[in-house]
Number of protein chains: 2
Amino acid sequence: MVAQRDAERTRAELLDVATQVFAEDGFSGARVDVIAERTRTTKRMIYYYFASKEGLYLAVLERAYLGIRAAEQELHVGDLSPVDGVRRLAELTFDHHQAHPEFIRLVSIENIHGGRFIARLDSLREMGNPAASLLEDVLSRGRSEGTFRADVDAVDVHMVISAYCVFPVANQHTFGYLFDRDLRDPSRREHLRRTIGDLVVAWLTA
Amino acid sequence: MVAQRDAERTRAELLDVATQVFAEDGFSGARVDVIAERTRTTKRMIYYYFASKEGLYLAVLERAYLGIRAAEQELHVGDLSPVDGVRRLAELTFDHHQAHPEFIRLVSIENIHGGRFIARLDSLREMGNPAASLLEDVLSRGRSEGTFRADVDAVDVHMVISAYCVFPVANQHTFGYLFDRDLRDPSRREHLRRTIGDLVVAWLTA
DNA sequence: GTCGCAATGTACCAACTGGTTCATTGCGTA
DNA sequence: TACGCAATGAACCAGTTGGTACATTGCGAC
């Protein structure tokens, strides 16, 4: 018989389901009862482990960000030329966003709430941003080599890449409707992927 | 004495307030009572004119888009060279987004809801997209002139510009928190503005 | 002036929703 | 094997919220 009591599993299952539901319906739209229903446990457990709907949302948000950061730790572009390095960094960022739409949705939701929840997660700030650090490095190599322009910093470049990678996921529905173009269609992905590389490289080397 | 009965004014006031409240709190987060309170009229009028909370939201969304389209009609870049034309188009788009954050918020919200509401507003699709049409024109001039690359179309370029212009508004809070950089700070606006021009021109002429 | 109807105000409701109460159960341990 | 406590389940509650019933009022037409 499977263990009938497993605190870790219960907690994890709640987080998984809550991530899905919050990403789908937003904070206000999500219903505690719905989250509980989709679980093998009950609503009581949400309040037992997370104290409140807000506490659950905070836990979901934190875990989502920590997951992203962990993945970023795996990146490495030190052995590539600056030009190949930024292109690769941009493409990997693109892949990553494509693979985690629910994360992007959570971020959108958080911004609609004015970032009032994320502001309480000190853990995120402390751990820094691996992708941005890598970029910092590649960028300075390119600059001292003379191939990259010097009027933008790593955060500027990171913003351009983020903006491009977030958009096809975050705005897929309105854009798709207005321009009759499904930005998430697999057959279009390679073109989009190549484009962010072209874009950033052309810009930095101009 | 001011007119005590003015259907048009009542309707418009409801739409104005509702736009603000929906943009602030999302569809589920917005409260019908709150919208009514901030108006000189009552909740009853919302149901009188818009039938339901959803009806009101649809009206808000439609009006917001129509407003944007109307503004886009004013653009004209036909007398500029292709290079100057795209730069100007990008910069004007940037200005426009900066000036209408509440519109961007509504679009974000709509995407979180899977575009389920906008899909019912046929009026929007019918009117086309002035900015994209202009881009189409400038782009084809640049291509036949030989200055612009040919492996991207107008919608691709429009997406890049949109992504860049939307991001600083839509993600200001999470980005601002994580990178300790206020993307909406007026002192940074000019730099951001110039950058989208540089980016697109460098890319297209690469 | 008074009739007809659009427009409006008030009070109310039924359903929903986040959160709680309290009893119960399984698991490690002495 | 009995004890202590983490973990769990089910029923319940009080505040909130979208929506409505119904009475009333102002305005234009004649």
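Just so it is clear, the values below take in all heavy atoms, side chains as well, and ignore hydrogens, waters and symmetry mates. Below, read A as the first sequence line, B as the second, and so on, with proteins coming before strands; counting in each chain starts at 1.
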Once you round it to whole Å, what is the distance between [atom2] of [N] and [atom1] of [X]?
X       : N      : atom1 : atom2 : result
B/Glu13 : C/dA7  : CD    : P     : 16 Å
B/Met45 : C/dA7  : CE    : C1'   : 6 Å
A/Arg11 : D/dA6  : CZ    : P     : 15 Å
B/Lys53 : C/dC16 : NZ    : C1'   : 13 Å
A/Arg40 : D/dG9  : CZ    : P     : 11 Å
A/Leu56 : C/dG18 : CG    : C1'   : 12 Å
B/Glu54 : D/dT17 : CD    : C1'   : 16 Å
A/Glu37 : D/dG9  : CD    : C1'   : 15 Å

- Task: Starting at CE of A/Met127, measure out to CZ of A/Arg69 and round the result to the nearest 0.5 Å.
- Result: 7.0 Å

- Item | Straight-line distance of B/Ile104 CD1 to B/His96 NE2, nearest 0.5 Å | 9.5 Å

- Classify the nucleic acid contact of A/Ala30 as base, sugar-phosphate or nothing, counting any heavy atom under 4.0 Å across all strands shown. sugar-phosphate

Using only side-chain N and O atoms of [X], determine if any of them is under 4.0 Å from OP1 or OP2 of [N].
X       : N      : answer
A/Tyr49 : D/dT8  : yes
A/Thr10 : D/dA7  : no
A/Ser52 : C/dG18 : no

- Name the closest nucleotide to the A/Arg31 side chain, picking from D/dG18, C/dG18, C/dT8. C/dG18

- From D/dG18, D/dA7, C/dT17, nucleotide with atom closest to A/Asp33 side chain: C/dT17

- Aromatic ring proximity, centroids under 6.0 angstrom, A/Phe179 and B/His158: yes

- Message: Both conditions, 6.0 Å and 45 degrees, for the charged tip of B/Arg181 above the ring of B/Phe175: are they met here?
- Response: no

- Query: Are B/Gln98 and B/Arg184 close enough, and set up right, to give a side chain to side chain donor-acceptor pair (under 3.5 Å), and what steps lead you there?
  - Reply: CA-CA 8 Å; B/Gln98 290 285 315; B/Arg184 297 275 289 151; 3.0 Å; yes

- Note: B/Asp198-B/Arg87 ion pair, threshold 4.0 Å (strictly below): yes

- Message: If the threshold is 4.0 Å, N to carboxylate O, is there a salt bridge linking A/Arg63 and A/Asp16?
- Response: yes

Collect all protein-nucleotide pairs involving nucleotides 10-15 of chain D in which both atoms are nitrogen or oxygen and the distance is under 3.5 Å.
none

- Task: Could you say whether B/Tyr48 or B/Thr41 is positioned toward the 5' end of DNA chain C, judged by the nucleotide with the nearest heavy atom to each?
- Result: B/Tyr48

